[in-house]
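Input: a single structure, listed below in structure tokens.
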Amino acid sequence: MNTIDQTITTIDSIIIEAADPDAAARFYADAFELGPQVRTVASEAPTSGFRGFTLSLVVSQPGNVQALFSAAIAAGATQLKPMEKSLWGFGGVVQAPDGAIWNLATSNKKDTGPATKEFENLVLLLGADDVSASKKFYTARGLEVGKSFGSYVDFSTGQSPVGLGLYKRRALAKQAGVDAEGTGSHRIRISSDGGAFTDPDGFVWESAA
């Protein structure tokens, strides 16, 4: 399954495994108005603590962060980090009822128009025990590095519906506002044109339909 016979050119969607996939799908529709970029399937795989990844909705202005954050809380999410300004912009972190962690953020500090729930990018950040090794793993599968510094890597995914990055697992947990400890299933699968394989940190990829 890990033979490199296909390269990754696009990430089709994120598949979130949930005990109640219908409820999870309703949450993502109500909170973020997500379409086919995020799908849900049933799973009872044991999992506890930090699942080793976060998902980010990158938006154009603080008002959109506030709109998405408020909608997520109203739909049943839990606040992990309140909305606040920082050196890099404005954002907040919530945890969906299914357990997935979502970072809502913008690099802009002022609104330039009416607040909406529109977002510019959906990005999956995978927590890696060895960022350098995982970086080599993914570049061998065709992904090009857009940015890389310290324990962070951002891959260039072009017009892909989902962006991809790597971050040191403990640093990612800290950024999300949770303890880094966690065991069991990641409860996530990644659908792409790069074939089926499992990465060094146990994240499962599957071929897009």
Side-chain angles (χ1 to χ4, degrees), residues 11-43 47-127 154 157 159-165 167 172-179 182 185-191:
I11 300 173
D12 175 70
S13 62
I14 300 300
I15 304 163
I16 293 177
E17 301 177 351
D20 187 337
D22 292 334
R26 285 195 298 273
F27 169 81
Y28 291 118
D30 293 344
F32 304 144
E33 298 179 359
L34 287 169
Q37 310 103 313
V38 174
R39 296 183 282 140
T40 60
V41 297
S43 176
T47 187
S48 65
F50 182 47
R51 296 182 185 173
F53 73 90
T54 64
L55 288 152
S56 297
L57 292 179
V58 182
V59 303
S60 62
Q61 60 181 6
N64 291 16
V65 171
Q66 294 172 331
L68 289 165
F69 193 98
S70 297
I73 297 298
T78 301
Q79 174 183 291
L80 294 180
K81 280 190 171 182
M83 293 178 287
E84 59 184 1
K85 292 182 180 179
S86 68
L87 292 175
W88 52 263
F90 182 81
V93 183
V94 298
Q95 187 167 33
D98 61 75
I101 294 173
W102 289 80
N103 181 34
L104 313 172
T106 179
S107 59
N108 296 317
K109 298 183 180 181
K110 293 183 179 180
D111 290 326
T112 57
T116 73
K117 291 166 67 177
E118 294 181 358
F119 61 91
E120 297 180 326
N121 296 297
L122 167 61
V123 180
L124 171 64
L125 269 180
L126 301 179
D154 177 42
T157 51
Q159 298 301 309
S160 173
V162 182
L164 180 70
Y167 204 7
L172 183 60
K174 182 178 181 180
Q175 182 188 69
V178 297
D179 189 278
S185 173
H186 292 299
R187 289 280 190 101
I188 190 174
R189 302 202 303 269
I190 306 151
S191 177

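Here, residue 1 is the first one in the sequence, and each next residue gets the next number. Note that the coordinates shown come from a computational prediction; the quantities given were computed from them, not determined experimentally.
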To the nearest 0.5 Å, tell me how far [X] [atom1] sits from [Y] [atom2].
{"X": "K117", "Y": "N64", "atom1": "NZ", "atom2": "CG", "value": "11.0 Å"}
{"X": "I101", "Y": "F50", "atom1": "CD1", "atom2": "CZ", "value": "5.5 Å"}
{"X": "L104", "Y": "K81", "atom1": "CG", "atom2": "NZ", "value": "13.0 Å"}
{"X": "Q175", "Y": "S56", "atom1": "CD", "atom2": "OG", "value": "6.5 Å"}
{"X": "R26", "Y": "D20", "atom1": "CZ", "atom2": "CG", "value": "6.5 Å"}
{"X": "Q37", "Y": "L57", "atom1": "CD", "atom2": "CG", "value": "9.0 Å"}

Over all heavy atoms of both residues, which pair between [X] and [Y] is shortest? Give the atoms and the distance, please.
{"X": "L172", "Y": "L125", "value": "CD2-O, 3.7 Å"}
{"X": "H186", "Y": "R51", "value": "ND1-O, 2.7 Å"}
{"X": "I15", "Y": "S191", "value": "CD1-CB, 4.2 Å"}
{"X": "A31", "Y": "A71", "value": "O-CB, 3.4 Å"}
{"X": "A75", "Y": "D30", "value": "CB-CB, 4.3 Å"}
{"X": "A100", "Y": "I16", "value": "CB-CD1, 4.2 Å"}

Item checked: Flag for T47-R187: side-chain donor and acceptor within less than 3.5 Å -> no
Report yes or no: does [X] contribute a side-chain atom to a donor-acceptor pair with the main-chain N or O of [Y] at less than 3.5 Å?
{"X": "D111", "Y": "G63", "answer": "yes"}
{"X": "T106", "Y": "N108", "answer": "yes"}
{"X": "N121", "Y": "V123", "answer": "no"}
{"X": "Q61", "Y": "T112", "answer": "yes"}
{"X": "Q95", "Y": "L80", "answer": "no"}
{"X": "N103", "Y": "V93", "answer": "no"}

Notebook entry, point to check: In terms of heavy-atom contacts, does CD of Q79 have more than 12 from other residues, nucleotides or ligands at under 6.0 Å?
Noted result: yes
Note to self: Can you confirm whether more than 12 heavy atoms, excluding those of K109, are under 6.0 Å from its NZ atom?
What the structure shows: yes
Taking C-beta and beyond as the side chain, do [X] and [Y] meet within less than 4.5 Å on heavy atoms?
{"X": "W102", "Y": "L68", "answer": "no"}
{"X": "I11", "Y": "L124", "answer": "no"}
{"X": "V94", "Y": "F69", "answer": "yes"}
{"X": "L122", "Y": "V38", "answer": "yes"}

Checklist line | F32 and F27 aromatic ring geometry - parallel, tilted or perpendicular at 30°/60° bounds | finding: perpendicular
